[in-house]
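Take a look at the structure set out below.
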Protein chains: 2
Amino acid sequence: MDVKTLCLGLLTQGAASGYDLKKRFETCFRSFYSAGYGSIYPALAYLADTDLVTCEEISQDGRPDRKVYRITDKGRNYFTEALSNHHPAHKMRSEFLAMVFFAEFIPPDHLSKLIDDRTTELEQTLAQLEEMSATLAKHPDAGVEFVAGFGQTITRAALEYMRQQRHLLTKETSAQRQAS
Amino acid sequence: MDVKTLCLGLLTQGAASGYDLKKRFETCFRSFYSAGYGSIYPALAYLADTDLVTCEEISQDGRPDRKVYRITDKGRNYFTEALSNHHPAHKMRSEFLAMVFFAEFIPPDHLSKLIDDRTTELEQTLAQLEEMSATLAKHPDAGVEFVAGFGQTITRAALEYMRQQRHLLTKETSAQRQAS
DNA sequence: AGCGCCATGTAAGTGGTTACATGATTGT
DNA sequence: ACAATCATGTAACCACTTACATGGCGCT
């Protein structure tokens with residue numbers, strides 16, 4: 001499941017520009033997939049080339065032209081076909097966990113910062129997922145609901161674990177505890 | 001944090017061959033990182049070239065030669081340096097969640113299979129993590145313990161959510177419920 | 001004055017996957 | 001007999017990332 005296919009999928013939920021799609025990736029897929037412009041724009045160009053989407057150029061005053069992409073019937077068929085045959089992989093590379101695995105090689109203050117930063121990221125992800133769940137009341141969709149709920153469950157579990165178990169990594173001396 | 005650096009890190013825990021390292025990846029890193037021979041062997045060749053590891057060839061009867069790699073002082077320094085400066089990224093691409101997001105486009109029986117397969121994978125991961133925690137009693141290490149615990153927490157949360165919320169996706173008819 | 005948002009793209013580079021190539025040993 | 005395990009590697013390919021290129025608008 002490459003960015004091409006996912007763009008096609010997102011376009012089943014309504015027409016969008018490359019810029020819009022990036023935002024949809026960031027909101028809808030934030031907890032499990034990411035894509036940059038460098039993969040989205042070429043993907044859209046390819047999809048338009050193969051008639052899976054159409055492209056409408058809209059000139060705006062004072063802004064660059066907007067290219068709005070719409071999925072075609074061919075595209076919708078292709079997407080359904082792709083989903084029906086594909087066997088998903090779960091590829092994850094958490095450099096955060098990889099580093100923590102080797103915690104004894106990391107200076108304590110740097111390690112603390114890593115944990116704080118990751119915690120903040122998780123909090124932001126959670127906030128975004130909750131927002132997504134809130135808007136679901138208007139546009140109910142079982143798949144989206146499942147995924148949003150899944151993200152929230154996992155993210156909450158991760159946050160709770162980090163808060164409760166961080167002491168395993170940052171064994172403060174009593175002097176440090178008094179200073180803080 | 002590429003495979004090169006992670007190989008170097010694993011070698012801080014003891015000498016190993018490429019084959020051994022793959023196994024360590026599969027056990028220690030299973031829940032958050034993966035690497036195949038196609039990246040491990042070239043990584044080791046590079047590390048040996050740059051004197052971050054040494055390589056000892058051991059001929060065995062009836063088996064291919066074994067190449068045992070050991071980290072050097074230079075390697076250890078390099079690794080510590082790398083960890084101290086690196087800011088980790090959390091890159092995850094779950095094709096499973098991406099597909100489920102578009103559940104309405106997937107035939108019900110295929111969808112059920114996806115969920116079952118993912119559940120099995122999670123169960124296997126959990127079993128492996130519990131095994132890892134068990135062996136930790138002998139070789140205590142704060143980082144490893146934190147990561148193993150983290151994996152278990154997340155994996156359990158994921159399994160529980162999948163069991164409780166799968167009905168959102170597979171709305172069985174009463175006929176299907178009676179048949180099963 | 002400067003930052004962030006809107007908006008699109010390309011080119012070079014990176015890093016990892018997949019398929020191929022080889023082959024004995026051990027267990028079922 | 002057949003599968004799994006042990007054991008190493010290469011070459012072609014692929015998908016994505018990063019850096020670059022451009023530029024006006026609106027807010028503070």
Side-chain angles (χ1 to χ4, degrees), chain A residues 1-9 15-27 29 32-50 53 55-69 82 86-95 98, chain B residues 1-9 15-27 29 32-50 53 55-69 82 86-95 98:
Chain A
M1 289 266 292
D2 48 22
V3 174
K4 269 199 286 289
T5 314
L6 260 356
C7 284
L8 201 53
S17 66
Y19 191 81
D20 296 335
L21 283 183
K22 173 103 191 300
K23 299 214 138 175
R24 286 200 202 166
F25 267 97
E26 281 162 4
T27 53
F29 293 173
F32 63 89
Y33 210 102
S34 61
Y37 292 126
S39 30
I40 291 171
Y41 284 120
L44 286 171
Y46 170 86
L47 292 172
D49 260 9
T50 49
V53 302
C55 173
E56 184 192 356
E57 255 165 290
I58 298 173
S59 32
Q60 302 178 120
D61 40 318
R63 293 209 174 284
D65 286 5
R66 236 174 97 79
K67 289 190 175 178
V68 174
Y69 294 89
H86 189 67
H87 193 76
H90 180 78
K91 285 170 198 169
M92 127 150 211
R93 26 191 53 189
S94 172
E95 300 184 356
Chain B
M1 288 265 294
D2 48 22
V3 174
K4 269 198 287 288
T5 314
L6 261 354
C7 285
L8 200 54
S17 67
Y19 191 82
D20 296 334
L21 283 183
K22 173 104 191 303
K23 299 215 139 175
R24 288 199 200 166
F25 267 98
E26 281 162 3
T27 53
F29 293 173
F32 63 90
Y33 210 103
S34 60
Y37 292 125
S39 30
I40 291 172
Y41 284 121
L44 287 171
Y46 170 86
L47 291 173
D49 260 8
T50 50
V53 301
C55 173
E56 184 192 356
E57 255 166 291
I58 298 172
S59 33
Q60 303 176 118
D61 39 318
R63 294 210 172 282
D65 287 4
R66 234 175 99 78
K67 289 190 176 178
V68 175
Y69 295 89
H86 189 67
H87 192 76
H90 180 77
K91 285 170 198 167
M92 135 149 203
R93 24 191 54 189
S94 174
E95 300 185 357

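What you see below is based on every heavy atom in this structure, not just the backbone, and it leaves out hydrogens, waters and symmetry mates. Below, read A as the first sequence line, B as the second, and so on, with proteins coming before strands; counting in each chain starts at 1.
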Next on the checklist: So if I take every side-chain heavy atom of B:Tyr19 and compare against D:dT17, C:dT8, D:dC6, which nucleotide ends up nearest?
Outcome noted: D:dC6
Next on the checklist: Classify A:Lys91 by what it touches in the nucleic acid, base, sugar-phosphate, or nothing, heavy-atom distance under 4.0 Å.
Outcome noted: nothing
Checklist outcome for this item: To the nearest 0.5 Å, atom CZ of A:Arg66 lies from atom CD of A:Glu57 at 12.5 Å
Next on the checklist: How many whole angstroms separate atom CD of A:Glu26 from atom P of C:dA7?
Outcome noted: 14 Å
Next on the checklist: Of the listed nucleotides (C:dT10, C:dT8, D:dT10), which one gets closest to any side-chain atom of A:Arg66?
Outcome noted: C:dT8
Next on the checklist: Please report the distance, rounded to the nearest Å, between CD in B:Glu56 and P in D:dT8.
Outcome noted: 13 Å
Checklist outcome for this item: Taken to the nearest whole Å, OH/A:Tyr46 to P/D:dA15 is 9 Å
Next on the checklist: If you only use heavy atoms from C-beta on, which nucleotide in D:dC16, D:dT10, C:dT10 is closest to the side chain of B:Arg93?
Outcome noted: D:dC16
Checklist entry - Where the side chain of A:Tyr33 is defined as all heavy atoms beyond and including C-beta, which of C:dG16, D:dG9, D:dC16 is the nearest nucleotide? => result D:dC16
Checklist entry - Between atom OH in B:Tyr37 and atom P in D:dA12, what is the gap in whole Å? => result 23 Å
Item to check | Gap between atoms CE and P, on B:Met1 and D:dT17 respectively (whole Å) | outcome: 18 Å
Checklist entry - Should the pair A:Tyr19 and A:Tyr37 be assigned to parallel (<30°), tilted (30 to 60°) or perpendicular (>60°) ring geometry? => result parallel
Checklist entry - Using a cut-off of less than 4.0 Å, is there contact between a side-chain N or O of B:Gln60 and OP1 or OP2 of D:dA7? => result yes
Item to check | Closest nucleotide among C:dT17, D:dT8, D:dC16 to the B:Ser34 side chain | outcome: C:dT17
Checklist entry - What's the closest nucleotide to the A:Asp2 side chain, out of D:dA7, D:dA15, D:dT8? => result D:dA15
Checklist entry - Please give, in whole Å, the distance from D:dC6 P to B:Asp65 CG? => result 17 Å
Checklist entry - Which part of the nucleic acid does A:Lys22 contact within heavy-atom distance under 4.0 Å: base, sugar-phosphate only, or nothing? => result nothing
Checklist entry - Which nucleotide in the set D:dG9, C:dC6, D:dC16 lies at the smallest distance from any side-chain heavy atom of B:Tyr69? => result D:dG9
Checklist entry - Hey, does the side chain of A:Asp20 reach the backbone of A:Ser17 with a donor-acceptor pair shorter than 3.5 angstrom? => result yes
Next on the checklist: Tell me the interatomic distance from A:Asp20, atom CG, to C:dG9, atom P, rounded to whole angstroms.
Outcome noted: 13 Å
Checklist entry - Ignoring hydrogens and geometry, is there a side-chain-to-backbone donor-acceptor pair from A:Glu56 to A:Val68 under 3.5 Å? => result no
Next on the checklist: Can you give me the closest heavy-atom contact between B:Lys22 and B:Ala35, atom names plus distance?
Outcome noted: CE-O, 3.3 Å
Checklist outcome for this item: Which of C:dG15, D:dG9, D:dT8 is nearest the side chain of B:Ser17? It is D:dT8
Checklist outcome for this item: To the nearest angstrom, the CG-P distance between B:Leu21 and D:dG9 comes to 12 Å
